[in-house]
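Have a look at the structure below, then the notes.
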Amino acid sequence: QVQLVESGGGLVQAGDSLRLSCAASGSTFGSYAVGWFRQAPGKEREFVAVISWKGSSTRYADSVKGRFAISRDNAKNAVYLQMNSLKPEDTAVYYCAARQGSGSYYYILYDYWGQGTQVTVSS
């Protein structure tokens, strides 16, 4: 029903910025909440940020609060994650995920996932 493709990852230095994009296909994308999650080697998948389907509500993990910003443009079927002041601990594969209705902190509640984009932050 919804297909997601992440892009925008790369190798950067600590303190740099990146903007990740999540491109979606599907006629009902505008009614889906979208979250960003990340997974580092040897760690469980971790919540990063979520945005409601209207874009009026956002929530962030404490580890990224004040540095990352999630936004969406439903006309373009896209969700973005602006990442500023990147730290080596932000190194992970970043995934966008979607679920119909309200958002959630819990990755197991999301129905649709992209394949991820690698973000590597060097010190």
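By convention here, the first residue in the shown sequence is residue 1. No hydrogens, no waters, no symmetry mates; every other heavy atom, side chains included, goes into these values.
- With Thr91 contributing its side chain and Val121 its backbone, the two residues share a donor-acceptor pair below 3.5 Å.
- Val93 and Leu81 are assigned to two separate hydrophobic clusters, defined by single-linkage of ILVMFWY side chains at heavy-atom distances under 4.5 Å.
- Residues Arg72 and Val79 approach most closely at CB-CG2, 3.7 Å, considering heavy atoms.
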Considering only distance and modelled atom types, tabulate donor-acceptor pairs under 3.5 Å from the side chains of residues 9-18, sequence neighbours left out.
unit_1	atom_1	unit_2	atom_2	d
Asp16	OD2	Gln13	N	3.1
Ser17	OG	Asn84	OD1	2.9

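- Residues passing the side chain to side chain contact (heavy atoms under 4.5 Å, CB included) test with Ser56 are Ser52, Lys54, sequence neighbours excluded.
- Closest heavy-atom contact between Ala33 and Gly101: CB-O, 3.2 Å.
- Note: the hydrophobic cluster containing Val50 does not contain Tyr32 (ILVMFWY, side chain heavy atoms under 4.5 Å, direct or indirect links).
- No donor-acceptor distance shorter than 3.5 angstrom exists from the side chain of Arg99 to the backbone of Asp111, with no hydrogens or angles considered.
- Electrostatic pairing of Asp62 and Lys65 counts as a salt bridge here, judged by a charged N lying under 4.0 Å from a carboxylate O.
- Expressed to the nearest 0.5 Å, how far CD of Gln3 lies from CG of Asn77 amounts to 12.0 Å.
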> After noting the C-alpha distance and the side-chain angles of Arg19 and Gln82, does the key distance pass the side-chain hydrogen bond (donor to acceptor under 3.5 Å, both in side chains) rule?
Replying inline: CA-CA 4 Å; Arg19 190 181 77 157; Gln82 179 66 45; 5.0 Å; no

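- Remark: the backbone N or O of Glu46 is not paired with any side-chain donor or acceptor of Gln39 at under 3.5 angstrom.
- Within the structure, every pair that satisfies the disulfide (SG to SG under 2.5 Å) test and touches residues 33-114, not counting sequence neighbours, is listed here: Cys22-Cys96.
- Here the CD-CZ distance, from Gln118 to Arg38, works out to 12.0 Å after rounding to the nearest 0.5 Å.
- Evaluation of the disulfide (SG to SG under 2.5 Å) test over residues 35-90, restricted to residues two or more places apart or in two chains, returns none.
- In this structure, CG on Asp90 lies 7.0 Å from CE on Met83, to the nearest 0.5 angstrom.
- Within the structure, no pair that satisfies the ring pair (Phe, Tyr, Trp, His ring centres under 6.0 Å) test touches residues 69-96, not counting sequence neighbours.
- Ala24 and Leu4 get closest at one heavy-atom pair: CB-CD2, 3.6 Å.
- Tyr110 and Ile51 end up in different hydrophobic clusters when Ile, Leu, Val, Met, Phe, Trp and Tyr side chains are linked at under 4.5 Å.
- Under a hydrophobic-cluster definition in which Ile, Leu, Val, Met, Phe, Trp and Tyr are linked whenever side-chain heavy atoms come within less than 4.5 Å, directly or via other members, Tyr112 and Trp36 are assigned to the same cluster.
- In plain terms, the two heavy atoms of Pro88 and Ser123 that are nearest each other are CG-CB, 3.7 Å.
- Under the 4.5 Å side-chain contact rule for hydrophobic residues, Leu109 and Trp113 share a cluster.
- Listed by first and then second residue, the ring pair (Phe, Tyr, Trp, His ring centres under 6.0 Å) pairs that reach into residues 40-72 are Phe37-Phe47, Phe47-Tyr105, sequence neighbours excluded.
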